[in-house]
Visitor: 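Have a look at the structure that comes next, please.
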Amino acid sequence: QVQLVESGGGEVQAGSSLRLSCAASARTFSSYATGWFRQAPGKEREFVAAISWRGDMTNYADSVKGRFTISKDNAKNTMYLQMNNLQLEDTAVYYCARGTIPSSNVRLYNAWGQGTQVTVAS
């Protein structure tokens with residue numbers, strides 16, 4: 001059973017940047033599509049970004065396009081989410097997940113990390 005562990009969350013001011021990391025316990029990023037989702041209090045989990053197993057395809061939610069960048073380092077079994085110009089509405093718990101295609105559909109992901117909190121303050 002693969003384990004996914006997120007890190008890099010924290011509290012920042014609006015307009016700041018953060019980089020989240022997701023480390024896998026097994027070779028995951030070179031074999032599966034993977035993605036980032038987030039969940040704010042009282043809201044459903046929503047798609048943020050995804051990347052294909054080859055890394056040649058990426059997919060972003062409209063709300064983060066131009067601000068967030070997903071990437072990965074297969075040799076390190078690690079995926080990243082660079083978040084720039086953070087806004088108050090980006091406050092959420094961020095989860096990484098393993099899936100079959102770089103889809104925005106949460107149901108297509110079958111392994112999840114425990115999440116890391118990102119809080120954006122004004």
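Predicted, not measured: the structure shown is a model, and the values here were computed from it.
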Visitor: Should we count OH of Y60 as having more than 12 external heavy atoms under 6.0 Å?
Guide: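 Check passes, neighbour count above 12.
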Visitor: Looking at every non-hydrogen atom in both residues, tell me the closest pair between A33 and I101 and how far apart they are.
Guide: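 Heavy atoms only, the tightest pair is CB-C, 3.3 Å.
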Visitor: Side chain of S31, backbone of T28: donor and acceptor closer than 3.5 Å?
Guide: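 Pair absent, no side-chain N/O of S31 close to backbone of T28.
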Visitor: State, to 0.1 Å, how close Q13 and S122 come at their nearest heavy-atom pair, and which atoms those are.
Guide: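 Where Q13 meets S122 most closely, the heavy atoms are OE1-O, 3.0 Å.
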Visitor: Supply the atom-to-atom distance R38 CZ to R45 CZ, rounded to the nearest 0.5 angstrom.
Guide: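 Reported to 0.5 Å precision, the distance equals 13.0 Å.
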Visitor: About how many Å separate CZ of F68 and OG of S63, when rounded to the nearest 0.5 Å?
Guide: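 Going from the OG atom of S63 to the CZ atom of F68 covers 7.5 Å.
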Visitor: Let me confirm one number: the OH-OH distance from Y109 to Y95, rounded to the nearest 0.5 Å.
Guide: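 Taking OH in Y109 and OH in Y95, the distance rounds to 16.0 Å.
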Visitor: Counting N and O atoms only, with roles assigned by atom type, does the side chain of T116 sit under 3.5 Å from a partner on the main chain of G9, one being a donor and the other an acceptor?
Guide: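 Pair found, side chain donor or acceptor close to backbone of G9.
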Visitor: If you look at every heavy atom in V5 and Q114, which pair is closest and at what distance?
Guide: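 Of all heavy-atom pairs spanning V5 and Q114, the closest is CA-OE1, 3.8 Å.
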Visitor: Using the side-chain contact (heavy atoms from CB on, under 4.5 Å) rule, pick out the option among T58, N59, T34 that qualifies with I70.
Guide: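 For I70, the side-chain contact (heavy atoms from CB on, under 4.5 Å) test succeeds with only one of T58, N59, T34, which is T58.
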Visitor: For T91 and E89, does a side-chain donor sit closer than 3.5 Å to a side-chain acceptor?
Guide: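 Short answer, no.
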Visitor: Say you draw a straight line from CG of L20 to OG1 of T78; how long is it, rounded to the nearest 0.5 Å?
Guide: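 Atom-to-atom, L20:CG and T78:OG1 are 12.5 Å apart.
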Visitor: Is there a path from F29 to F37 through hydrophobic residues (I, L, V, M, F, W, Y) whose side chains come within less than 4.5 Å of each other?
Guide: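 Per the 4.5 Å side-chain linkage, F29 and F37 are not co-clustered.
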Visitor: Rounded to the nearest 0.5 Å, how far does OG of S30 lie from CZ of R54?
Guide: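 Those atoms lie 12.5 Å apart.
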Visitor: Using distance alone, with no hydrogens and no angle criterion, decide if N84 and S17 have a side-chain donor and acceptor under 3.5 Å apart.
Guide: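 Yes, a side-chain donor-acceptor pair sits under 3.5 Å.
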Visitor: Quick check: does any side chain N or O of Q87 sit under 3.5 Å from a backbone N or O of N85, one acting as donor and the other as acceptor?
Guide: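 Yes; at least one donor-acceptor contact below 3.5 Å.
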Visitor: Would you say that N74 contacts K72 through its side chain, given a criterion of any heavy-atom pair below 4.5 Å between the two side chains?
Guide: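 Result yes, sub-4.5 Å side-chain heavy-atom pair found.
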Visitor: Taking all atoms of both residues into account, what is the closest heavy-atom pair of M79 and S71, and its distance?
Guide: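 Nearest pair, atom of M79 first, then S71: CG-O, 3.3 Å.
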Visitor: Can you tell me how far apart CD (E6) and OG (S21) are? Round to the nearest 0.5 Å.
Guide: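 It comes to 10.5 Å.
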